[in-house]
> 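Below you'll find the structure I mean.
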Amino acid sequence: MLDIRIEKTQNPKTLPEKDNPLVFGTIFTDHMFIMNYELGKGWFDPRIVPYQPIVLQPSAMVFHYGQEMFEGLKAYKTEDGRTLLFRPNKNWERVINTNRRICMPEIEEDVFVDAIKALVKIDEAWIPTKPGTSLYIRPFIIATDPFLGVRPSNTYQFIVILCPVGAYYPEGLNPVKIWIEDEYVRAVKGGLGEAKTGANYCASLKAQVKAHDEGYSQVLWLDGVERKYIEEVGAMNIFFKINGTIVTPVLNGSILPGITRKSVIELCELWGLPVEERKISVDELLDAAKSGALEEVFGTGTAAVISPVGHLRFEDTVFQVKDGGIGQISQKLYDTITGIQLGKLEDTLNWTVEVK
Ligand SMILES: *Cc1c(COP(=O)(O)O)cnc(C)c1O
């Protein structure tokens, strides 16, 4: 177990009221985890301290060249009072890949997972219990050298913060409208697309604003070279059910490898459904929608778990997926994954990790 120095807050905040909608990313718990890194010394001084501002030099590298990475996962409270994490070791594997890509030092698996467990344990009372709610966990690493030259930083901070979040769908699954973006691109193969970095989100803002202005909640990205093949949605991977087959874009270097995506593929295979990870063009999608072969569309990600898509728009064509409602597989995947996360279904795949 990681030896963490603990300084508890002297001024605990009042916990949110039961009926607080807990808007994503707005309320933070009493504590945070921090650990420093120096080249030659490695990671040191792991500590849990009161949630507070961090002090950095204005010249800190993260502010200038964006050497930053993050992760996202959740802790859930079960009916019998246990606290569960969902596949945190997969988040760690992704940290390793992201950090390699952006020249950050690696973190050991136990250090990453123990830091999260210890922080969640201390702020356990903050895990909301209303249906659909959870405690969102945001680990991130920033480059802190006070230096304006361009190179990887020699010093970093690894920080974990927590926020209680409300149900993504307070009234049950609700289909979203998606904008297929043909002007801006998020990532290209060889770039940062498969790394979980803030830079990808910076690149995505312009199209997101455009889609919102047009009344769409999310952007579906096409490949950055031909703008022909479907990649992913905002902070979600995308799946289609076409003629009974589950199809998702193959991880090609510019798509973020989602843990929910992986879990969906594993469940579909377990259920004996045909699953294909391959290239899928927007033309194929439009044809499938026209012919009626397109049976379901859904996004996958930690925030919403499964997000059914009711409408898509590409240039001037708007098309509805079947009756615009929630597909059978979408609902079954949602019920199964959330059932495992909440300890309501037996975790035969060993996906959950208890925080004790
Ligand atoms: C985090 C993220 C996802 C979803 O990944 P999960 O591990 O399923 O939460 C998908 N796309 C992007 C760009 C992401 O940043």
Side-chain angles (χ1 to χ4, degrees), residues 21-22 24 72-79 82 84-88 90-91 127-137 164-178 217-218 220 232-242 244-249 256-277 294-312 320-353:
L22 301 173
F24 179 84
L73 68 161
K74 285 174 168 179
Y76 308 84
K77 203 56 156 176
T78 66
E79 265 169 21
R82 290 176 302 138
L84 301 179
L85 302 175
F86 186 70
R87 314 189 79 177
K90 294 288 163 207
N91 293 91
I127 309 176
T129 52
K130 267 198 3 197
T133 63
S134 57
L135 185 70
Y136 183 79
I137 305 166
V165 292
Y168 202 88
Y169 300 107
E171 280 103 43
L173 279 185
N174 196 10
V176 295
K177 287 167 72 182
I178 284 199
S217 63
Q218 305 256 1
L220 177 61
E232 63 174 307
V233 185
M236 293 192 289
N237 296 108
I238 188 95
F239 284 77
F240 307 96
K241 181 160 170 264
I242 303 173
T245 298
I246 308 295
V247 182
T248 192
L256 197 286
I259 294 161
T260 322
R261 174 188 184 277
K262 185 177 173 60
S263 306
V264 160
I265 293 172
E266 289 172 13
L267 279 178
C268 288
E269 285 172 346
L270 194 73
W271 294 338
L273 292 169
V275 183
E276 290 175 3
E277 291 179 70
L294 184 64
E295 295 159 355
E296 293 186 37
V297 180
F298 56 93
T300 66
T302 295
V305 183
I306 301 293
S307 193
V309 176
H311 282 82
L312 295 116
Q320 184 169 299
V321 183
K322 282 289 175 196
D323 59 0
I326 302 157
Q328 218 185 331
I329 298 297
S330 309
Q331 185 74 53
K332 187 175 173 190
L333 284 163
Y334 180 80
D335 293 343
T336 306
I337 297 175
T338 56
I340 294 171
Q341 289 168 337
L342 291 168
K344 286 184 187 157
L345 294 180
E346 201 193 334
D347 179 16
T348 49
L349 296 153
N350 269 320
W351 279 349
T352 57
V353 171

> Would you check if the side chain of Glu232 reaches a backbone N or O of Leu256 as a donor-acceptor pair within less than 3.5 Å?
yes

> Tell me, do Ile238 and Val297 make a side-chain contact under 4.5 Å, heavy atoms counted?
yes

> With a 4.5 Å limit on heavy-atom distance, are the side chains of Gln341 and Lys74 in contact?
no

> Would Phe86 and Ile337 count as a side-chain contact (heavy atoms from CB on, under 4.5 Å) here? Give the steps.
CA-CA 10 Å; Phe86 186 70; Ile337 297 175; 4.1 Å; yes

> List the atom of Cys268, the atom of Leu333, and the distance in Å for their closest heavy-atom pair.
SG-CD2, 4.3 Å

> What pair of heavy atoms forms the shortest contact from Pro175 to Gly324, and how long is it?
CG-O, 3.3 Å

> Quick one: closest heavy-atom pair of Pro131 and Ala167, and the distance?
O-CB, 3.7 Å

> Report the residue from Leu270, Val305, Leu345 that forms a side chain to side chain contact (heavy atoms under 4.5 Å, CB included) with Thr336.
Leu345

> Is there a side-chain contact between Ile265 and Glu277 (heavy atoms, below 4.5 Å)?
yes

> Taking Thr300 for its side chain and Ile306 for its backbone only, find out whether a donor-acceptor pair lies under 3.5 Å.
no

> I need the Gln218 CD to Lys177 NZ distance, nearest 0.5 Å.
13.0 Å

> Salt bridge (Lys or Arg N to Asp or Glu O under 4.0 Å) with Lys90: which residues, sequence neighbours excluded?
Glu93

> Among Leu342, Leu84, Leu85, which residue meets the side chain to side chain contact (heavy atoms under 4.5 Å, CB included) test with Thr352?
Leu84

> Can the ring centroids of Phe24 and Tyr136 be said to lie less than 6.0 angstrom from one another?
yes

> Can you give me the closest heavy-atom contact between Pro308 and Phe298, atom names plus distance?
CA-CB, 4.0 Å

> Output, in order, the C-alpha distance, side-chain angles, deciding distance and verdict of side-chain contact (heavy atoms from CB on, under 4.5 Å) for Leu294 and Phe240.
CA-CA 7 Å; Leu294 184 64; Phe240 307 96; 4.1 Å; yes

> With side chains defined as the heavy atoms from C-beta onward, is the minimum distance between Asn91 and Arg87 less than 4.5 Å?
no

> So, do Val275 and Val264 sit near enough that their side-chain heavy atoms are less than 4.5 Å apart?
no

> Nearest 0.5 Å, please: how far is OG1 in Thr248 from NZ in Lys262?
13.0 Å

> Can you measure from OG1 (Thr133) to CG (Leu22) and round to the nearest 0.5 angstrom?
7.0 Å

> Is there a side-chain contact between Leu220 and Val309, using heavy atoms and a 4.5 Å cut-off?
no

> Could you measure the distance from the CG atom of Leu273 to the CG atom of Leu267? Nearest 0.5 Å is fine.
10.0 Å

> Would you name the heavy atoms of Pro164 and Leu135 that are closest together and state the gap between them?
N-CD1, 3.6 Å

> Between atom OG of Ser307 and atom CG of Leu173, what is the distance when rounded to the nearest 0.5 Å?
8.0 Å

> With no hydrogens and no angle check, do the side chains of Glu296 and Ser330 hold a donor and an acceptor under 3.5 Å apart?
yes

> Which atom pair, heavy atoms only, marks the closest approach of Ala75 to Ile127?
O-CG2, 4.0 Å

> Just by distance, do the side chain of Glu295 and the backbone of Gly244 share a donor-acceptor pair under 3.5 Å?
yes

> How long is the span from the CG atom in Leu73 to the CD1 atom in Ile137, to the nearest 0.5 Å?
4.0 Å

